[in-house]
Amino acid sequence: MKSKKLIASLLASLILAGSSATVATTIMPEVTNSVAYAETVEMPVSSKTTSDGFQYTPLLNEVTITGYSGTKTAVSIPSKIGGKKVTRIETGAFGNSTTLKSVSIPSTVKTISMYAFAGCKNLSKVTLCEGITTIDSYAFRGCSSLKTITIPASVTKIGQEDFDRETMQRYWAHGNPFTECKKLEKINVSSKNKKYTSVGGVLFDKKKTCLVAYPNAKGSTYTIPSTTKTIGQYAFNGCSSLKSVKIPSSVKKIEAGAFGRCDAMKSITVPKTVTSIGVGALGYTAPKTGKGDVLKKGFTVYGDKGSAAQKYVTDIDNRVPAQYKGYIKFKAVR
């Protein structure tokens, strides 16, 4: 049986960092044939397939789903295969399926990996059972028929592992699993969840200090609540109809890719309270051809002189080729 490739732990913020040779800098890996562009490793050759099309890898006391070759439009992932609990849906397992319309994920599954259902354009219903603890970034990226989803109480991690270059430590970063879900109107969260909550359909951490994910179809304008201190990685990424966002002075940090691919947005005002802006957070869009993200010509960042907003634009100009300098402009408000 042919071995199936998995994405290695290459995070988008690390891919971008230090890149100066081209403006077509990757903010996030792209998905092709259910696998993200990144360094890859080989799956064990012991992968098997059930009679109904679930491809899986048996481990010591558990099973991970690695793919699906069945033809059903409504799929219920089994809780057990060969007497072993199914505990994980691996990267790209259902990626780019054109037949999948609904999926039910059992309580035995603990982790839904990056890109697990990415590109499933006809997927309109997802049932997440109590028991799931982790949903990785991009897990449902590009599920353009999905309108609502409910996060169960058991979920404690939404995002991805990241690396802090200052402390040289790995940490869990809040990240958006629902980028480019064009019809997504609302992200619901169980009231019993101790880590996350929904505010008007927008996903936040329980303390409402980190905005984790904004649903693409919620609206074209949005005022971020004043409790917010951090705009998480890719929080608004792929919200193609979003035109304007008002950022309150409570916000201190805008993480990597936060407003990438917001194609209707022409400018943004960043308050002076923001001290950190992640790589590719503002002014990037998808290229007309090829992979990766490119600078959005004419995008304007408004902010105070000497602020993190000015530094963000200056740093971009310092690292791109001459013909791309000035694509993103900074204008001082005072």
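Computed from a prediction, not measured in an experiment: that's the story for all the values here.
- Between atom OG1 of residue T87 and atom CD1 of residue I65 there is a gap of 9.0 Å, rounded to the nearest 0.5 Å.
- The two residues P225 and P248 come nearest to each other via the heavy atoms O-CG, 3.5 Å.
- A distance of 8.0 Å separates OG1 in T179 from CZ in R261, rounded to the nearest 0.5 Å.
- In this structure, the separation between SG on C210 and NZ on K229 is 11.5 Å, given to the nearest 0.5 Å.
- Across all non-hydrogen atoms, the minimal contact from A153 to N193 is O-ND2, 3.4 Å.
- No side-chain heavy atom of T230 sits less than 4.5 Å from a side-chain heavy atom of D205.
- Within the 4.5 Å cutoff, side-chain heavy atoms of N216 are placed close to those of C239.
- Note on I316: it does not cluster hydrophobically with Y302, by side-chain heavy-atom contacts below 4.5 Å among ILVMFWY residues.
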Exercise. Under the side chain to side chain contact (heavy atoms under 4.5 Å, CB included) criterion, do T228 and F204 qualify, and how do the steps go?
Worked result: CA-CA 9 Å; T228 309; F204 284 82; 3.4 Å; yes
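- You'll find the side chain of V274 stays beyond 4.5 Å of the side chain of I231, heavy atoms only.
- For K206, the NZ atom sits in a packed shell: over 12 heavy atoms of surrounding residues, nucleotides or ligands are nearer than 6.0 Å.
- In this structure a side-chain-to-backbone donor-acceptor pair under 3.5 Å is missing from N122 to L100.
- The number of heavy atoms from other shown groups lying within 6.0 Å of NZ (K110) is above 12.
- In the model, T133 has no side-chain atom that pairs as donor or acceptor with a side-chain atom of S154 under 3.5 Å.
- Side chain of S198 to backbone of G201: a donor-acceptor contact under 3.5 angstrom is found.
- Residues V333 and D304 are in side-chain contact: their nearest non-hydrogen atoms beyond the backbone lie under 4.5 Å apart.
- In this structure, S250 and T273 have side chains that are not in contact, with every pair of non-hydrogen atoms separated by 4.5 Å or more.
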Exercise. Taking it one step at a time, do Y68 and S97 satisfy side chain to side chain contact (heavy atoms under 4.5 Å, CB included)?
Worked result: CA-CA 9 Å; Y68 180 68; S97 170; 5.8 Å; no
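- Residues A308 and S276 approach most closely at CB-N, 4.2 Å, considering heavy atoms.
- You'll find the side chain of S113 reaches within 4.5 Å of the side chain of R88, heavy atoms only.
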For this session: Go through I135 and I151 one step at a time and tell me if the side chain to side chain contact (heavy atoms under 4.5 Å, CB included) criterion holds.
Result: CA-CA 9 Å; I135 304 174; I151 308 297; 4.0 Å; yes
For this session: Please report the C-alpha distance between T99 and T73 in whole Å, then the side-chain angles of each, then the deciding distance to 0.1 Å, and finally whether the side-chain hydrogen bond (donor to acceptor under 3.5 Å, both in side chains) criterion is met.
Result: CA-CA 5 Å; T99 58; T73 60; over 6 Å; no
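- The closest donor-acceptor contact from the side chain of K296 to the backbone of C262 lies under 3.5 Å.
- The number of heavy-atom neighbours closer than 6.0 Å to NZ of K218, taken from other residues, nucleotides and ligands shown, is above 12.
- With rounding to the nearest 0.5 Å, the separation of CD1 in I105 from CD1 in I77 is 5.0 Å.
- Atom CZ of residue F54 and atom OG1 of residue T49 lie 11.0 Å apart, to the nearest 0.5 angstrom.
- Counting heavy atoms from C-beta on, the side chains of L123 and S145 never come closer than 4.5 Å.
- The local environment of NZ in K325 is crowded, with over 12 non-hydrogen atoms from other residues, nucleotides or ligands closer than 6.0 Å.
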For this session: Give the intermediate values and the outcome of side chain to side chain contact (heavy atoms under 4.5 Å, CB included) for residues F330 and D317.
Result: CA-CA 11 Å; F330 171 80; D317 270 353; over 6 Å; no
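- Of all non-hydrogen atoms in C129 and P152, the two that sit nearest each other are O-CG, 3.8 Å.
- A donor-acceptor distance shorter than 3.5 angstrom exists from the side chain of K84 to the backbone of L59, with no hydrogens or angles considered.
- Side-chain atoms of Y214 do not come within 3.5 Å of backbone N or O of Y222 as any donor-acceptor pair.
- Proximity of a side-chain donor or acceptor of K195 to a complementary backbone N or O of V155 within less than 3.5 Å is not detected.
- S240 contributes no side-chain N or O that, together with a main-chain N or O of D263, makes up a donor-acceptor pair within less than 3.5 Å.
- In summary, of the residues considered (S79, P78, S76), a side-chain contact (heavy atoms from CB on, under 4.5 Å) with P106 occurs for S79 alone.
- The neighbour count for K121 NZ, taken as heavy atoms of other residues, nucleotides or ligands under 6.0 Å away, does not exceed 12.
- In this pair, Y234 and Y138 present their aromatic rings tilted. The plane angle is within the 30 to 60° band.
- Side chain of E180 to main chain of R141: no donor-acceptor pair is present (N/O by atom type, distance under 3.5 Å, no hydrogens or angles).
- Looking at T134, its side chain never comes within 3.5 Å of a backbone N or O of T111 through a donor-acceptor pair.
- Listed here is the closest heavy atom pair of K208 and T227: O-OG1, 2.8 Å.
- Inter-residue side-chain proximity for F236 and I224 is flagged as met; some heavy-atom pair is nearer than 4.5 Å.
- Of the possible polar contacts, none joining the N176 side chain to the Q233 backbone as a donor-acceptor pair under 3.5 Å is found.
- Between the OG1 atom in T148 and the NZ atom in K186 there is a gap of 8.5 Å [rounded to 0.5 Å].
- Across all their heavy atoms, Q55 and S69 have their closest contact at NE2-CB, 3.5 Å.
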